[in-house]
Structure formats: structure tokens, C-alpha cells
Amino acid sequence: MKPCLNIMQLTTANYTAKEIKFINNNDKFSPLCCMACLRVNCFKYQSCKKMHTKVSIAPLLAIALCLVWNLAGKAENEKAGLMDASTARQGMNSLANRESRLKPTEIPLNSPLERTSAMRQGFQPLSDSDSRFLTQSPPPAATIKGGRQISLNGRILPLAWTQQPTNSISPNIRTWIADIGLMQSAGVDLLNTADNTKQPVQWFSVSLTAAQSITGRSQGQYRYLDITDFARLAGWRISVDGNTLSITSPVANVTGVRQAEKEWGDRIVVDLDRSAPWQVNIVDTPSPSPTPTPRDTPDDPTKPTLPQTKTPPAPNLETPDDPSKPAITLPLAPSAPIIGQEWSIDLDAKIPPAIIQRAVQTSKQLLALKIQPTETQTRIKVTIPLGWRPQVFSLGNPHRLVIDIRPDSLVEKDIVWARGVRWRQQYQNLGTARFPVVSLEVNPRQTGVKIRPILSNPPTDKGTAPLRETAELSGTAAAINAGFFNRINRLALGAIRRDNKWLAGPILNRGAIAWNDGGEISIARLTLQQTLITPTNQRLSISHLNSAYVEAGIGRYNPDWGTTYTPFSDNEIVVTVVGDRVVGQVPSGGMGKTAFPVPANGYILALRSNLSIAPQLTPGTLLRLETQTIPSEFSAFPYILGGGPLLVKNGRVVLNPQAEGFSDAYVRQTAIRSAIGRNAAGNLLIVAVHNRAGGAGPNFAELAQILQQMGAVEALNLDGGSSTSLYLGGNLVDRPLSTAARVHNAIGIFIQP
């Protein structure tokens, strides 16, 4: 064994050439070698001490200092040397124990909201001022690897990962994977935890809980879990090829498939000879009704309903909570209602043909069961009632995968995901109804937590995209879809204010949420009043600012809208104002035909329907603009997002959708819902409510009661139905990705170290 180089540098000045040669070459170990190498378990010191040469006092003093420095490391490694495989199978190992006493390493870079190459590889930067959070030396950047793609037994998955040494002086490479992706792609169950740096998990016979929990590290967009020791216990082999992390698990075999009917539904048990990764997917996404071809009818949230059919909808249908896509009667309606939805459970295990050929049973809940083998996988397809989901979990000793078909399939969780962010999955009961609720509680006063409106196609206000895509590009750790929008022209239908700029103005006195970086939050019905005052003191009311909502009156469009304005209706008169003076007035012609430049130091006025005021806005006319918000305190908030209707105010349900321009038919709809609220502690509640067990989603009154039960003193409904999407750490946590519609805007939670 060779001596430690750093100790050689400290001591060899006092040795003769003969002594140095002995120290470097003697395979019986010198005292210097033994002392310096205690950290790497040199246990032969006692047996070889007679072979040691005589050394001077000075190097011995240096060795003594080295011994004190290495004492803790010696104790830990002796403990590691005594660790056997049986203890490791119980989740104990020295590396995990050592890691559990360390706070996560964080990578100091620049602005946390900036999209850098490091962030694209899964790292969240720290500002220089936050270097105090580091508790160990970060490894050199050249030794850090990372990416956004994992190959799991050949399945390519979009999943963030990083690999790096434990610290700058350790050769041990640790592998970290984003937690939500690990759960959804491999079936590793994340158990409840009140410490974001400790994540208990269960996966077949591997159970790491309490002191043995996996080390977690919340880092920007993701919360990474150190799976190094978990992978060893699970038998996974890990390698890296470029930006792809490759994970291979031992070949598993299905030894049996059993069925049993239960009082709550059906249970399918898959017996295995060893553990194997698994993933749940939705196979198809039938629509409850065809989507009509867009017509000339404006996508107007005040008129969300066409004549209704008298035939009741099929049970558990998701009624779109979207003013542009109400539940309507169409000649293309399917002849038979959709009663089932197919899901697949893909298991990385082989299955003998004899097991596949056995008869399977169906029931009221289990409408169909198919087992399809591939070369390396077994795919179990179940057709279950629309609105249900299979509840899947693993058990060990012996290894089993359990598939429960039941109406209340939500797995309840309570996980502190990051400092200031708590992730919950729970049922809220209203009478006999049980609603599955997935939510985040965010402390806006927590250092490093920032809340921002985010757009799907920045910097423009036009566009839609899946929430996951928008969140990934924005660099946000968590997000929920927010305000209404026009699905035809893909523009907002409600308030969006960011950095004190109105990207879209409020409409119809609808509810909105306002906040600042000081942690203050307010939710109320919002109106923006703007008045033009002419030289003759005539007051002209402006109906909307930077809005795609169209009604008779005057619309105003300033540079926050964009560089051009294109008329939303026929026969508008476009008035151009530079500074405080009218410089032009022209008829627009037809809707959408001409793009008019918006002056950088002025605005455009769009006169619609009532054109009699045009003579008062001729070129050369001086104008004065007055603006105020109702309530007035909203003018001081830099960030505002609109929704509606308002649900809770001062702890009481204050539902009045008609006061916010929603139609009666729209109000009666039941649907999957998104909502946001504030509790008495001042924390933000971000909520997705899905179909009640065995039934449809909540109506507005039920949603208000659910938020009230959750402790909201103020609450607001957001766009819902197929738009409802709750994103956390790289994935949607409330629904399958393929079932979520594209959305225009969202509320994003950014986490800085």
C-alpha cells in the first residue's frame, strides 16, 4: 500500500534517501504509511510494526496531526468493513449513513431564473451571496455529469439526473435522479416525510425509511434523490453514455397472475421471482364529445353554452371547464356513451405463455383484462370505468405487484418537497362524496421562493403549450395552469400582470390573485378603470386594456401588448396616440386584415360598434389618461393573474358567478377544477380537484367548500377541465401527461438556493 502523498510532502524533508526509499517500496508498511492510510483501512499496522524503520520526531509530530485528522474517517470505515450483505438488504450501509449527515451539495452559479446550460443539465445555480448554504466542498465542474434523459432497461425516459463525486476529495461517484420521475417511471414509492433532505421509499423488498432514508436535494427545478445505495440494493447497474444515464435491472420473471373480487372493486396480483421496474400509462384518451370546428362565433367567456341536450351525460365524463368548449349538443355525438378507459401497467419482466393462456375474469369494475408479452416486458391492460385509475403498488418477500381497481385510487401523500413547498395528496369529504385533491402549500416568505406568471410562448402573449413544456422552458420547480384563454386565437381572456406591466387586462369584474415578493397575497374581484379626458373635459371610458376579449366600446393597446395591434372585429376605427396627442385615425377594414404599429411611447385605441366618438379623437387632439384599480390596493402589486369565479373571501364562501359574467349553464357544470388560495398563515394553496370517487368532478359550490376545508381564507377558481394540470419537479402529479390540454398561462414557483 502506498503512503498518502499529502503526508509524504509534509514529512520527507526529514528523512534520509534510504528511509524515503524504504517508505515507498517496503510492502510490509512503514509507520508513516500505516498512520497516513488509516482512512483506507490499513489493519496490518500491528502485525508489521517490527519492520518499521526509526524516524525522527518532526515527521512523527506531522503523523500525529494526520492521525487526529483521520480518526473520524477510520471509525466510519471500520464500520463499513463490518457491514455485511444481510444488513445491506435491510437498507443499512455506511455510504448512506455518511451521506445522511451531510446537507446537499449545491452548485454556485448565477441568476436562478436564468436558463443556462448548467440548468438544462439539471443543475440549479446558487448566487455567490448564497455560498453560505454549502456544507462541503463542491466537486470540480469537470467531474459533474448530468442530463435530461434516462434509459431504463431500454426505455428512453425524459428524466433529469446528475452524477458527481461525494465532494472534491472523494473518488466515490454518487448518482442522483429527479424524484417524481423515479416514482412514475420505475414505481419507487415516495413515502411521507417532513424533511426535504430525507426521502423514505419503498420498492418491493427494498424499504429505506427513518434514518436509512435516501438523501434528497432540492435544486432549482428538481428534487434529486441519491439512488446510489438504493440501486445497489435493487441490483441495478448504472452507466453513462453522453447525456443519457443507463439503468439496467436483472431479468425478472412473472411466476403467476391472480385475481380476486373485493368489496371495493377488484385486485390483480402479479407474482415475480424478483423486483422489476414498472410504469402506469393511459392507453387512449376518448373525448366525451367531439370538438366542434371553430366558427365565426367569438370565444366569449360570457356566453359559454349553446343549447343543451336533454340526454344526461355518461357517468364520470369530464365536462370541460372552459368557456370556449362548453358541454354542447352536436350532430356528431357518438351513438353509444363511452363507459370505459384502458390503462396499461408495463412491467420489466418476462412471462411464460402458460400463464397468459389462463382464463381471466371480468366484473362490473374490471371491464377487460389483457396480458401482452414482449421480448423483455409484460404489459397488463385493464379497461375500467371512465374517471377511474388503477392503484398500483409493490410488495416484497415474496415479490408482488398489486393492481387494485377501485373508485378511490388516490395514494395519499404528505411530503415536504423543498424548503417552503409541501406536496399533499388527500381526499376531501363533502357529505358522502370523496374528492381526490392534489395540492401544494407554498410559503411565499421562504428565502429563495419566487412566484411568477409564466407564458407558454414568451415573450409574446400569443400561444399555447402543455404545462410541462412551459414549466421546463421557464425553469420553474412547480406550476399550475391559471387563467382562461381563447383556444382559437390563443390569447388570454383575463388579467396577466408581470413586473407591473399589464400583458392582458382584467375583464368582467372577475376574480384575480395579486402578490409581491414580500409574501403579501390578495384575492378579490378586480376591475381596471381607465378614462380618457378630452380638451373639452369629456370623459371617455375605456372598456379593456391589452385584451383579446371583444365588446362594444374602446379597447386600448400599449407596448406591453406587443409591437402591433390587429383588429378583433370588423369595421373598427384605429386611433394612434403618441405621448398624449392623437397622431392618426383610420378605419381598420375587416377583422384580422391589417396590423397597426403600436408606438413605443404611446398606444392604440380600437373603437368598436359605437363609432360616434371618433370625431372627438381626431389627429392633434390632446388626451389625458386616468387609471385606477378596484380594489385600489391591487395597483401596488407587481404580479396579478385572473380567473374566476371568486370562491372564498375572509374565510366565507362568496360564490357569485353571475356577478363575474359567467352563465348559469356554465355555473352548473361539474368538472375537474384548478384553484388557488391563501390560508391564515399567509401560505399559497395550489389545488387540483379531480372526479369524486365513482362520480363527476365538483361544481363551483363544492370547490369553494373544499378550499374552505383546506384552510383557505381566500380562494379563486382557475381554468379547469382538460386544462387542469399540476406540475412538480419535472412531471404532472395530478394526471397522466397525455390527458392534459395545452394551456396559455400558468403560475410558476421558482426555487433559488
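Values in this document were obtained by computation on a predicted structure and should not be read as measured data.
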* Heavy-atom side-chain contact between V578 and N601 under 4.5 Å -> yes

* To do: Provide the full list of ring-ring contact (aromatic ring centres under 6.0 Å, His included) pairs with a residue in residues 489-530, sequence neighbours left out, each pair given once.
  => W515-Y639

* Report yes or no: does N731 contribute a side-chain atom to a donor-acceptor pair with the main-chain N or O of V733 at less than 3.5 Å? => no

* Measure the acute angle between the ring planes of Y666 and F662, then classify it against the limits of 30° and 60° as parallel, tilted or perpendicular. => parallel

* Asked: Do E660 side-chain atoms and G511 backbone N/O form a donor-acceptor pair below 3.5 Å?
  -> yes

* To the nearest 0.5 Å, tell me how far T531 OG1 sits from L540 CG. => 8.5 Å

* Asked: So, E714 side chain and I523 main chain: donor-acceptor pair closer than 3.5 Å or not?
  -> yes

* Side chains of W561 and P559: closer than 4.5 Å at any heavy-atom pair? -> no

* Asked: Can you tell me how far the CD atom of Q585 sits from the CD1 atom of I573, to the nearest 0.5 Å?
  -> 5.5 Å

* To do: Output yes when a side-chain donor or acceptor of S456 lies under 3.5 Å from a complementary backbone atom of G463, and no otherwise.
  => yes

* Asked: Atom CZ in R468, atom CG in L732: separation rounded to 0.5 Å?
  -> 7.5 Å

* To the nearest 0.5 Å, tell me how far R497 CZ sits from S635 OG. => 7.5 Å

* Would you indicate whether the side-chain heavy atoms of R608 and N610 approach each other to under 4.5 Å? => no

* Run the side chain to side chain contact (heavy atoms under 4.5 Å, CB included) check on Q709 and L430 step by step: do they pass? -> CA-CA 9 Å; Q709 281 187 5; L430 293 179; 3.2 Å; yes

* **Minimum-distance pair of heavy atoms, taken over all atoms of S738 and I282** => OG-CG2, 3.1 Å

* Asked: Can you name the closest pair of heavy atoms from A606 and E572 and give their distance?
  -> CB-OE1, 3.6 Å

* Check whether any side-chain heavy atom of L617 sits under 4.5 Å from a side-chain heavy atom of L607, and report yes or no. => yes

* Asked: Distance-only, no hydrogens or angles: does the H544 side chain make a donor-acceptor pair with backbone N or O of A504 under 3.5 Å?
  -> no

* Structure fact -> Closest non-hydrogen contact found for P453 with I496 is CB-CG2, 4.3 Å

* Check: N699 main-chain N/O paired with T670 side-chain donor or acceptor under 3.5 Å -> no

* Could you walk me through whether S474 and F750 pass side chain to side chain contact (heavy atoms under 4.5 Å, CB included), step by step? => CA-CA 9 Å; S474 301; F750 295 84; 4.3 Å; yes

* **Exam field: side chain Q708 to backbone G651, donor-acceptor pair closer than 3.5 Å** => yes

* Identify the residue among P638, P444, S522 that makes a side-chain contact (heavy atoms from CB on, under 4.5 Å) with N516. => P638

* Nearest-0.5 Å distance that lies between atom CG in L440 and atom CG in N683 -> 12.0 Å

* Asked: Which atoms form the tightest heavy-atom contact between I542 and L532, and what is the distance?
  -> CD1-CG, 3.8 Å

* To do: Mark yes or no for whether S723, through its side chain, and A741, through its backbone, hold a donor-acceptor pair below 3.5 Å.
  => no

* To do: Side-chain contact test, heavy atoms from C-beta onward, threshold under 4.5 Å: evaluate it for L647 versus V654 and give yes or no.
  => no

* Would you mind reporting whether I640 and T629 have side-chain heavy atoms less than 4.5 Å apart? => no

* Asked: What heavy-atom pair brings G711 and L685 nearest, and what distance separates the two atoms?
  -> C-CD1, 4.4 Å

* Asked: Is it true that a side-chain atom of R556 and a backbone atom of L545 form a donor plus acceptor pair closer than 3.5 Å?
  -> no

* Asked: When rounded to the nearest 0.5 angstrom, what distance separates CG in N546 from OH in Y557?
  -> 7.5 Å

* **Audit row: R624, D580, side chain to side chain contact (heavy atoms under 4.5 Å, CB included) steps and yes/no** => CA-CA 7 Å; R624 183 160 55 92; D580 56 1; over 6 Å; no

* **Under-4.0 Å salt bridge between R673 and E702** => no

* **Any pair counted as ring-ring contact (aromatic ring centres under 6.0 Å, His included), so long as it reaches residues 703-732, sequence neighbours left out** => none

* Asked: Which one of T464, N745, T460, T470 satisfies the side-chain contact (heavy atoms from CB on, under 4.5 Å) criterion with L455?
  -> N745

* To do: In sequence, state the C-alpha distance, the side-chain angles, and the governing distance for L623 and T534, and then conclude on side chain to side chain contact (heavy atoms under 4.5 Å, CB included).
  => CA-CA 5 Å; L623 297 174; T534 69; 4.2 Å; yes

* R742 bridged to E469 by N-O distance under 4.0 Å -> no

* Main-chain N/O of G697 paired to N691 side chain as donor or acceptor, under 3.5 Å -> yes

* **4.5 Å side-chain heavy-atom contact, L646 and L655** => no

* Asked: Any idea which heavy atoms bring S674 and S725 closest together, and the distance?
  -> OG-N, 4.2 Å

* Asked: Would you call R490 and N457 a side-chain contact if the rule is heavy atoms closer than 4.5 Å?
  -> no

